[in-house]
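Heads up, the thing below is written out as structure tokens.
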Amino acid sequence: MANVIIVGTQWGDEGKGKIVDLLTEHADCVVRFQGGNNAGHTLVVEGKQYIFHLIPSGILYENKSCFIGNGVVIDPEVLLKEMSELAGHGLPVTPARLMISERSHLIMPYHKLLDAGSEAMLAAGRKIGTTGRGIGPCYGDKILRHGIKLGDLLDRELFRERLQENLEEKNFLLTNRYGLQPLTLDAVYDEYMGYADQLAPFVANVSLALDRQRRAGRHILFEGAQGTQLDIDHGTYPFVTSSNTIAGNACTGSGFGPAHIDAVIGILKAYTTRVGEGPFPTELFDATGEELQRKGGEFGATTGRKRRCGWLDGVVAREAVRLNGITDLAITKLDVLSGQPELQLATSYRHGEASLEAMPNNSKSHRDLVPVYEKLAGWSEEIRHARHLDDLPAKARAYVRRIEEFTETPACILSVGPGREETMLLRNPFKR
Ligand code: IMP
């Protein structure tokens, strides 16, 4: 029996979708524990394309149970659309396959309007570049204790009461601060009651269900969204998402005890990308950056925005190992580096006179970080055919070894292309 957490080590988009899909084969249950439909990944299985924002991709396997934990924020319109798209592919999502926590919070129409309104009001340089899905305002309400939980939706009277209280405040903001039309109680109520009827059979106590699974000796995979540097506490605040993206939240966000976790896999892209605004010390503004963007197909899965690209940041990688307690790395997109004559790995930052080995806390100092690079030899060969370590050119193996050495963490998976087969499983984290 093994319970494994998968997290992103950088700013998200590390290729978690493919690794989660790959490891799902060895798991019985897959759990989302934070974020919402700001996340997104695309999988192509037997020629069919599936896009996931909320439902774990484990739903593609007939014999896996999927869970959405209390730490996730749910836009019911998006969730139902995702379900109906899957049904359109001949994969009906039934309550036997998907359970959603009654304690997860609902994204309401005003959250999306407030997300867009607040971004529009921020001065240039202060904008976060959010996905505009209402994520921040929804988590904000949760912390303020104004939130509406999925479970509340099933009690019509309670839901209407909570909605009315919220609309009094939100309509004031929408009209007076953002110059928008107010939302009407009946319209939002009726819309959400339509969702309630459809979602009710899926709503349950996920913590209890996971505990039963664990006791039955089933393997549980916890699927993180976004990445460590987007964590609300430990990331490059304020240019972060509004949830804890690190491994500790797999437990908080699903109601699962930390003592039952056996491994934490950190997904590390062989270079770095970031979508949206905010600090990115190893960002490249030259032809190499453009080449990584083009060759890596670096466009955001949710918003389609171009991702900013740069060299691998060892400081960020080490920080991820520390913050998440990473036991194994899955290094992705190694193939994108083929053809680079020389590679750079940031091993520390200079900030004025100081040498820093960790990301500073202050958002002002983020801007002035100068990465200190170690040069590594590149390789010219294409490597998408590699299926064993020995199939890689010596210089690619040396790059991987240096990452393992610098982060003091072994790699369990190397990915050399988008296809499932373009992967080297060096060690199965479910078999410890
Ligand atoms: P929000 O999560 O929509 O509030 O956006 C906050 C920041 O997190 C923005 O910079 C987004 O681009 C970034 N972000 C949110 N979700 C993802 C993701 O899944 N991958 C990469 N960046 C993300």
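In each ligand, atom 1 is the first atom listed, and ligand 1 is the first ligand listed.
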Centroid separation Y271 to W311 less than 6.0 Å: no
Nearest-contact summary for atom 6 (C) of ligand 1 - protein heavy atom, Å: V240 O, 3.3 Å
Ligand 1 atoms in contact with I128 (distance to a heavy atom under 4.0 Å): 6 (C), 9 (C), 10 (O)
Which atom of G125 lies closest to which atom of F239, heavy atoms considered: O-CZ, 3.7 Å
Heavy atom of W11, distance to ligand 1 below 4.0 Å: yes
Close-contact set for ligand 1 against A39 heavy atoms, below 4.0 Å: 19 (O)
Enumerated ligand 1 atoms positioned under 4.0 Å from heavy atoms of G129: 9 (C), 10 (O), 11 (C), 12 (O)
Test: R274 cationic atom under 6.0 Å from F280 six-membered ring centre, within 45° of axis: no
R305, CZ: over 12 other non-hydrogen atoms inside 6.0 angstrom: yes
E357, CD: over 12 other non-hydrogen atoms inside 6.0 angstrom: no
Under 3.5 Å: N/O of E277 near N/O of ligand 1: no
Closest protein heavy atom (residue, atom, distance) for atom 17 (C) of ligand 1: Q226 CG, 3.4 Å
Whether over 12 other heavy atoms sit under 6.0 Å from R103 CZ: no
Polar atom proximity, R305 to ligand 1 (N or O, under 3.5 Å): yes
Identity and separation of the nearest protein heavy atom to atom 3 (O) of ligand 1: T131 OG1, 2.6 Å
Proximity flag A225 to ligand 1, non-hydrogen atoms under 4.0 Å: no
Test of proximity, D115 against ligand 1: N or O pairs below 3.5 Å: no
N or O contact, R133 vs ligand 1, cut-off under 3.5 Å: no
Y237 atom OH, over 12 foreign heavy atoms within 6.0 Å: no
Residue D13 vicinity, atoms of ligand 1 by number, heavy atom under 4.0 Å: 20 (N), 21 (C)
Atom indices of ligand 1, in the order listed, that fall short of 4.0 Å to a heavy atom of V275: 10 (O), 12 (O), 21 (C), 22 (N)
Centroid-centroid distance, Y50 to H89, less than 6.0 Å: yes
Protein contact of atom 5 (O) of ligand 1 - nearest heavy atom, named by residue and atom, plus distance: T130 CA, 3.3 Å
Close N or O approach (R274, ligand 1; < 3.5 Å): no
Shortest heavy-atom approach to atom 19 (O) of ligand 1 - which of N38, I135, T273: N38
Six-ring centre of F406, R318 cation under 6.0 angstrom, axis tolerance 45°: yes
Which residue and heavy atom of the protein sit nearest atom 14 (N) of ligand 1, plus the separation: L230 CD1, 3.9 Å
Min N/O separation S242 to ligand 1 under 3.5 Å: no
Closest approach of any protein heavy atom to atom 2 (O) of ligand 1, naming residue and atom: T241 OG1, 2.6 Å
With I5, the side-chain contact (heavy atoms from CB on, under 4.5 Å) member among T327, V31, I261: I261
Over 12 non-hydrogen atoms of neighbours within 6.0 angstrom of OH in Y178: yes
Proximity of F67 and F33 rings by center, below 6.0 Å: no
